[in-house]
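Residue numbering restarts at 1 for every chain, and letters A, B, ... go by the order of the sequence lines.
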There are 2 protein chains.
Amino acid sequence: MATIYDVSVLAGVSLATVSRVMNKNTNVSEKTRKKVLDAMAQLDYRPNAIAQSLASNCSNSVGVLVSQLDGPFYGPMMTEIEASLRAAGKHVIIAAGHSNEAQEKEAVEFLLDRGCDALILDVEAVSDDYLIALCRQHTPIVFINRYIAEIRERCVYLDNELGGYLATRHLLSLGHRHIAYISGPLFKLDARQRLSGHKKALVEFAVAYESELFYEGTFKESSGSDGMRHLLSLQRPFTAVVCANDQMASGAIATCLEQGLRVPEDLSFMGYDNIPFPQYISPKLNTISNPIHEMGKMAALWVLKHVYNKADVEVTNRFTPSLFIRDSARRLP
Amino acid sequence: MATIYDVSVLAGVSLATVSRVMNKNTNVSEKTRKKVLDAMAQLDYRPNAIAQSLASNCSNSVGVLVSQLDGPFYGPMMTEIEASLRAAGKHVIIAAGHSNEAQEKEAVEFLLDRGCDALILDVEAVSDDYLIALCRQHTPIVFINRYIAEIRERCVYLDNELGGYLATRHLLSLGHRHIAYISGPLFKLDARQRLSGHKKALVEFAVAYESELFYEGTFKESSGSDGMRHLLSLQRPFTAVVCANDQMASGAIATCLEQGLRVPEDLSFMGYDNIPFPQYISPKLNTISNPIHEMGKMAALWVLKHVYNKADVEVTNRFTPSLFIRDSARRLP
DNA sequence: CTGTTAGCGCATTCAA
DNA sequence: TTGAATGCGCTAACAG
């Protein structure tokens, strides 16, 4: 591997001059610039990014920490982040925290140690205090899907309570009065907020909350199935089910269909997140939009703006969900 | 940020000694080791990974390049790779190539420049020659989803032709004789191989290949819908459709259901990849397994074995697909 | 406009 | 067992 030194020798200039042309420093005559460029080409020179980072204290890379690497939720988010950052010549180092406190912390420290210029974190298991302390570090950090008042200008998040409210209100407005709820794991803030919105809508329509019709799932398809089986076993009447995400809704609907129930004729459903797949199933799922890709993009823009002084755009912190009406809920006669 | 120098001063030892205890070098007396460890703890010392990489020429990180960051295919693969590597104390830098030659090359060079100890590549757009040349570099590289004879021991791949064969043979064995085919983009090797297996099965059953019943899609849901609409518009009889992946199959089935066709009563379907979601839709999709997560794991093991001299496991290069029979195809009377 | 000189934080000889 | 010295490849003052 050729080094900057080899280039300088071949070009007959000093080391510093080579560095200057690399960094587009204008104080180089066209003639010497060309000599250097030629030498670089001839040696197939590639700058050593590690050495650049060490010397400049800037790695041109930003660390991204998500809960999982797979799934319909984080994929689009990472895609947007990567695309936005790459378009600005920055690169992305991705790690997974697996919703586990130790792993999340370890990943954060890894990214910090790797000299990332900034971090974009989607973390669920670590405490608010930990994150607030983290912000006192010199590496700038943005948070996705999390709202912490003390550092609110670094948070990019969805109004999950509003989404939960919209989902349930839609069913209520269709005449449903006995509505089951398959929740995400309640240790997650977004799951709690969605549930809170659900209850708010019930109150608004003066419908009692039936705690028997509540099931705490895991946000995965299989727990939607499990939840549905549980609810059906109750022998307690209900005409609709709100699921805290589309994956659980899909699992729940599949279970209904297996048991010979029709959707939405026998049971109406609402999902949440508007992930791509359920558009292609039958019945098409009603859901709440979750502009996760836009939030990813916004986090990337935040970094571009605050860390790299690019992108003079306005950063929106709070995103608003909206209702998608398709074929999985019907109006009660 | 405390440096190794700060630690050495506080501990009253030399810089080299601190380095020794960090690297678990045994030639340090218990007493001084303890002094150093104490100093580290006191200063909350975290080694600078960048500096370590530069000095040791080893970054403890491996680069992973996939086509996309989202989707049901690459997600599980990345998850396995990350988990296997992290368990060994190694880290992962992920980039996306977007099935585009320039972007794939750029990403490869980025990962190389970042000082990755090894690369795991899932690339589609670059040529075999480029990859063969890449292998002459000093950074070890392993390929997923690609077979190149000259560097076969670095390839981890699926027998796609066999999978295509199994899919079509299943339908043929159920009595289908007019089988449409919705293909992946033919510039991708796996799409061509799956199609080749399809034709092989037809030959075996002495059934003519009807080129009118062929549609070249993109591997995305929407192209499954498009393909289905095209096939239906042909007014040419067929009783089954083989789709080159599950996503297109889902799109195609959705379109059929929309148009009032029943699956599998009116039309039988086969998918490919066995992605999670279609298990939760109705009808449950027949498909071909694609052990992408195992392939990801195997690639990680390859790196652990050949680069870090860990994991004395046997590396399997070729994976064999198998048939999953569920509810989307019926036997013809 | 260009060259010289110091580091960046750490690993690694080579002596002691 | 420990310390001093050197260098990894590059950037960034500071001179000239």
Parallel, tilted or perpendicular, as decided by the 30° and 60° cut-offs, for the rings of B:Phe110 and A:His91: parallel
Might you confirm whether atom OH of A:Tyr5 has over 12 heavy atoms from other residues, nucleotides or ligands at distances under 6.0 Å? no
Give one of base, sugar-phosphate or nothing for [X], where a contact means two heavy atoms less than 4.0 Å apart.
{"X": "A:Ile50", "answer": "nothing"}
{"X": "A:Thr32", "answer": "sugar-phosphate"}
{"X": "B:Val18", "answer": "nothing"}

Of the options D:dG9, D:dG3, D:dA12, whose atoms approach the side-chain atoms of A:Ser56 most closely? D:dA12
Is there a donor on the side chain of B:Arg20 or the base of D:dG3 sitting less than 3.5 Å from an acceptor on the other? yes
For [N], does OP1 or OP2 lie under 4.0 Å from any side-chain N or O of [X]?
{"X": "B:Thr17", "N": "D:dG3", "result": "yes"}
{"X": "A:Asn48", "N": "D:dC8", "result": "no"}
{"X": "A:Ser19", "N": "D:dT11", "result": "yes"}
{"X": "B:Asn57", "N": "C:dA11", "result": "no"}
{"X": "B:Tyr45", "N": "C:dC10", "result": "yes"}

Taking [atom1] from [X] and [atom2] from [N], how many angstroms apart are they, rounded to a whole number?
{"X": "B:Leu54", "N": "D:dT6", "atom1": "CG", "atom2": "P", "result": "18 Å"}
{"X": "A:Arg114", "N": "C:dG9", "atom1": "CZ", "atom2": "P", "result": "16 Å"}
{"X": "B:Gln52", "N": "C:dG9", "atom1": "CD", "atom2": "P", "result": "13 Å"}

With a 4.0 Å cut-off, would you call A:Glu30 and A:Arg33 a salt bridge? yes
Between A:Arg146 and A:Glu124, does at least one N-O distance fall below 4.0 Å, as a salt bridge requires? no
